[in-house]
Amino acid sequence: FQIWRLITNFLFFGPLGFSFFFNMIFLYRYCRMLEEGSFRGRTADFVFMFLFGGFLMTLFGLFASLFFLGQAFTIMLVYVWSRRNPYIRMNFFGLLNFQAPFLPWVLMGFSLLLGNSIIIDLLGIAVGHIYYFLEDVFPNQPGGKKLLLTPGFLKMVFDTPEEDPNYNPLPEDRPENQPRDQDQNQQEHPQ
């Protein structure tokens, strides 16, 4: 009944070393770019992507006996970002030039060169592709529809409520009736 392990398995990136710092940099960079880019103003959808990806990775990780999924989570974020930005040119350590959709595969090759197992990278790519397909590809196909709907409670918690266009504030709450500063208020109402 160690329920916290469902979350903490995404927070372990291995011992301190080159691979650890590499994962930290990529997690920060691509999480930030997703949040500021395609998820701008849609925090609930961003959190739902985390939950959906985490659920699938945990499920697949159980079958593949993978217990630490931090690197897979990073690769999932990189995959989603790279597919949503297909025309960006990338440069990897000044050695390789390629388009953004190849970035997860280049990272997997680099992971292989470092002696890491590519199973975790493949898991991240697979989950990232499932999310990308269900969110961006399938809804735009003939007869397709949006299958990943962010639950209402997440929208209620994370998204700011929209302004009601039919809202009519009381006269004393209208901006034109608010004093601009103390001096102007005294000029309008001398004592």
Participant: What distance do Leu134 atom CG and Tyr131 atom OH have between them, rounded to the nearest 0.5 Å?
Facilitator: 9.5 Å
Participant: Measure the OG1-CZ distance between Thr58 and Phe67 for me, rounded to the nearest 0.5 Å.
Facilitator: 12.0 Å
Participant: With Arg84, which residues qualify under salt bridge (charged side-chain N to carboxylate O under 4.0 Å, His left out), at least two apart?
Facilitator: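 For Arg84, the residues satisfying salt bridge (charged side-chain N to carboxylate O under 4.0 Å, His left out) (neighbours in sequence not counted) are Asp136.
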Participant: Which heavy-atom pair separates Pro104 from Ala100 by the least distance, and what is that distance?
Facilitator: CD-O, 4.0 Å
Participant: Can you pull out every side chain to side chain donor-acceptor pair (under 3.5 Å) where at least one residue sits in residues 23-35? Sequence neighbours excluded, please.
Facilitator: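 For residues 23-35, and leaving out neighbouring residues, the side chain to side chain donor-acceptor pair (under 3.5 Å) pairs sorted by first residue read Arg32-Glu36.
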Participant: Given Asn97 and Met90, is the side-chain contact (heavy atoms from CB on, under 4.5 Å) satisfied, shown in steps?
Facilitator: CA-CA 6 Å; Asn97 291 317; Met90 306 293 295; over 6 Å; no
Participant: To the nearest 0.5 Å, what is the distance between CG (Leu66) and OG (Ser117)?
Facilitator: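 It comes to 7.5 Å.
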Participant: Hey, could you give me the CE/CD1 distance between Met57 and Ile75, rounded to the nearest 0.5 Å?
Facilitator: 10.0 Å
Participant: Is there a side-chain contact between Val47 and Phe39 (heavy atoms, below 4.5 Å)?
Facilitator: no
Participant: For side-chain contact (heavy atoms from CB on, under 4.5 Å), just list the numbers for Leu69 and Ile120, CA-CA rounded to whole Å, side-chain angles, deciding distance to a tenth of an Å, and then say yes or no.
Facilitator: CA-CA 7 Å; Leu69 302 171; Ile120 291 184; 5.6 Å; no
Participant: Establish whether Leu113 and Phe26 are linked, either directly or via other cluster members, by ILVMFWY side-chain heavy-atom contacts under 4.5 Å.
Facilitator: no
Participant: Please check if atom CZ in Phe55 has more than 12 non-hydrogen atoms from other residues, nucleotides or ligands closer than 6.0 Å.
Facilitator: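 Count not over threshold, so no.
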Participant: Near Phe102 CZ, under 6.0 Å, is it more than 12 heavy atoms from other residues, nucleotides or ligands?
Facilitator: no
Participant: Contact between Leu149 and Lys146 at the side-chain level, heavy atoms closer than 4.5 Å - yes or no?
Facilitator: yes
Participant: Roughly how far, to the nearest 0.5 Å, is the OG atom of Ser82 from the CD1 atom of Ile88?
Facilitator: 10.0 Å
Participant: Quick check against the 3.5 Å criterion: does Ser111 have a side-chain atom that pairs as donor or acceptor with the backbone of Leu107?
Facilitator: no
Participant: Going by side chain to side chain donor-acceptor pair (under 3.5 Å), name the residues that satisfy it together with Asp45, two or more places apart in sequence or in a different chain.
Facilitator: Arg42, Thr150
Participant: Got a donor-acceptor contact below 3.5 angstrom from the Asp159 side chain to the Ala44 backbone?
Facilitator: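 Answer holds: yes.
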Participant: Measuring from atom CG of Leu96 to atom CG of Leu103, what distance do you get when rounded to the nearest 0.5 angstrom?
Facilitator: 11.0 Å
Participant: Can you sort out the partners of Thr43 under side chain to side chain donor-acceptor pair (under 3.5 Å), two or more places apart, ordered by chain and number?
Facilitator: none
Participant: Sort and list the pairs that fulfil side chain to side chain donor-acceptor pair (under 3.5 Å) and have at least one residue in residues 72-81, not counting sequence neighbours.
Facilitator: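 Applying side chain to side chain donor-acceptor pair (under 3.5 Å) to every pair that reaches into residues 72-81, excluding sequence neighbours, yields Tyr79-His129.
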Participant: Phe158 vs Phe46, test: ring pair (Phe, Tyr, Trp, His ring centres under 6.0 Å). Steps then yes/no.
Facilitator: CA-CA 10 Å; Phe158 291 105; Phe46 192 51; over 10 Å; no
Participant: With ring centroids as reference points, do Phe50 and Phe73 lie under 6.0 angstrom apart?
Facilitator: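 Centroid distance Phe50-Phe73: below 6.0 Å, so yes.
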Participant: Decide whether Leu62 and Leu51 are clustered together by the hydrophobic rule: side chain heavy atoms of Ile, Leu, Val, Met, Phe, Trp, Tyr closer than 4.5 Å, transitively.
Facilitator: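 No, Leu62 does not connect to Leu51 through the hydrophobic network.
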Participant: Could you work out, with side chain to side chain donor-acceptor pair (under 3.5 Å) as the rule, every residue matching Arg89, not counting sequence neighbours?
Facilitator: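 So Arg89 forms a side chain to side chain donor-acceptor pair (under 3.5 Å) with Gln99.
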Participant: With Leu148, which of Phe138, Phe48, Phe133 fulfils side-chain contact (heavy atoms from CB on, under 4.5 Å)?
Facilitator: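 With Leu148 as partner, Phe138, Phe48, Phe133 yield a single side-chain contact (heavy atoms from CB on, under 4.5 Å), made by Phe48.
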Participant: Please lay out, stage by stage, how Met49 and Leu77 fare under the test side-chain contact (heavy atoms from CB on, under 4.5 Å).
Facilitator: CA-CA 9 Å; Met49 179 189 67; Leu77 293 174; 3.4 Å; yes
Participant: Decide side-chain contact (heavy atoms from CB on, under 4.5 Å) for Trp105 and Phe98; before the verdict, give the C-alpha distance in whole Å, the side-chain angles of both, and the deciding distance to 0.1 Å.
Facilitator: CA-CA 11 Å; Trp105 303 102; Phe98 52 90; over 6 Å; no
Participant: Specify the closest pair of heavy atoms between Leu123 and Ala72, including all atoms of both residues, with the distance to one decimal.
Facilitator: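 Reported closest heavy-atom pair: CD2-CB, 4.3 Å.
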Participant: Please say yes or no: joined through hydrophobic side-chain contacts below 4.5 Å, possibly via intermediate residues, are Tyr87 and Val78 part of one cluster?
Facilitator: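 Not linked; separate clusters.
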